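Note that the structure is predicted; figures quoted are calculated from it, not measured.
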Amino acid sequence: MAAMKDKLCLIEDDLIMGESLTHRFSLEHIDFDWYQDARSALQGITENGYGVIVSDIRLPNMNGEELYERILKKQKHLPPILFITGYGSIEQAVRLLKKGAKDYITEVSQFFGAMNIRAD
């Protein structure tokens, strides 16, 4: 089993998108945890730590930007955080990138290219 810092944290509430991404992660032999809401993700991130966090923007109980703000307040050293969304705005992307997000992807098809994921 990989150390938590080697694991990917996926935060995605849409079952179809989440299952698609986790299937791809499994094919690429990427160890991951999948959270379907922001509150459970925040707890998992706080307790476990991850090597990378991939988060949707539209989530139940708080949006991805608010989740990011809370993570920033709780942790001194953040892993790369990528946001994926079908409902992105330039203003939001600029805000998140200025705060330190690694990427803001509006087309999920670009996600794996942005992560430079390759099969072993």
### Task
Report the C-alpha separation of Arg58 and Asn63 in whole Å, then their side-chain angles, then the decisive distance to 0.1 Å, and conclude whether the side-chain contact (heavy atoms from CB on, under 4.5 Å) test is met.
CA-CA 5 Å; Arg58 289 190 175 181; Asn63 68 42; over 6 Å; no

### Query
Would Glu69 and Lys73 count as a salt bridge (Lys or Arg N to Asp or Glu O under 4.0 Å) if you check the C-alpha gap in whole Å, the side-chain angles of each, and the deciding distance to 0.1 Å?
CA-CA 6 Å; Glu69 292 288 336; Lys73 289 178 184 176; 5.7 Å; no

### Query
Would Asp31 and Asp6 satisfy side-chain contact (heavy atoms from CB on, under 4.5 Å), going step by step from the backbone distance to the final call?
CA-CA 7 Å; Asp31 200 10; Asp6 295 332; over 6 Å; no

### Query
Between Arg70 and Glu66, is a salt bridge (Lys or Arg N to Asp or Glu O under 4.0 Å) present by the stated rule, with each step listed?
CA-CA 6 Å; Arg70 291 187 184 195; Glu66 183 181 349; 2.9 Å; yes

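Residues Ala38 and Leu67 come closest through the heavy atom pair O-CD1, 3.7 Å. Nearest approach of Leu10 to Gly18, heavy atoms of both residues: CD2-O, 4.2 Å. The minimum heavy-atom distance linking Gly64 with Ser55 is given by the pair CA-OG, 4.3 Å. Residues Gln36 and Ser40 come closest through the heavy atom pair N-OG, 4.5 Å. Residue Ile71 comes nearest to Ile45 through the heavy atom pair CD1-CD1, 3.7 Å, listed as atom of the first residue, atom of the second, then distance. The two residues Pro79 and Gly51 make their nearest non-hydrogen contact at CB-O, 3.3 Å.
In the hydrophobic cluster analysis, where Ile, Leu, Val, Met, Phe, Trp and Tyr join through side-chain heavy atoms closer than 4.5 angstrom, Tyr35 is grouped together with Leu72. Cluster annotation: Leu15 and Ile84 are assigned to the same hydrophobic cluster (Ile/Leu/Val/Met/Phe/Trp/Tyr, side-chain heavy-atom contacts under 4.5 Å, transitive).
Judged by distance alone, with hydrogens and angles left aside, the side-chain atoms of Tyr68 form a donor-acceptor pair with the main-chain N or O of Ala101 at under 3.5 Å. No donor-acceptor distance shorter than 3.5 angstrom exists from the side chain of Ser20 to the backbone of Ile16, with no hydrogens or angles considered. Remark: side-chain polar atoms of Glu12 are paired, donor with acceptor, to backbone N or O of Asp14 under 3.5 angstrom. Side chain of Trp34 to backbone of Cys9: no donor-acceptor contact under 3.5 angstrom is found. Side chain of Asn48 to backbone of Gly44: a donor-acceptor contact under 3.5 angstrom is found.
Going from atom CG of Leu42 over to atom CE of Met62 covers 5.5 Å, rounded to the nearest 0.5 Å. For the atom pair OH (Tyr50) and CD1 (Ile81), the distance works out to 12.5 Å, reported to the nearest 0.5 Å. Once rounded to the nearest 0.5 Å, the distance linking CD of Glu91 with CG of Leu96 reads 12.0 Å. A distance of 6.5 Å separates CD of Glu65 from CD1 of Ile57, quoted to the nearest 0.5 Å. Taking CD1 of Ile11 as the reference point, atom CG of Leu59 lies at 7.0 Å (rounded to 0.5 Å). One finds the OG1 atom of Thr106 at 9.5 Å from the CD1 atom of Ile90 (value rounded to the nearest 0.5 Å).
Residues Asp13 and Asp37 fail the side-chain proximity criterion, which asks for heavy atoms closer than 4.5 Å. Contact annotation: the side chain of Phe25 approaches that of Leu8 to within less than 4.5 Å [non-hydrogen atoms, C-beta and beyond].
With sequence neighbours excluded, the residues satisfying side chain to side chain contact (heavy atoms under 4.5 Å, CB included) with Ala93 are Tyr104. The side-chain hydrogen bond (donor to acceptor under 3.5 Å, both in side chains) test applied to Glu19 returns no partner, not counting sequence neighbours.
The number of heavy atoms from other shown groups lying within 6.0 Å of NZ (Lys99) is above 12. Summarising the local packing, CZ of Arg39 is surrounded by 12 or fewer heavy atoms from other residues, nucleotides or ligands at distances under 6.0 Å.
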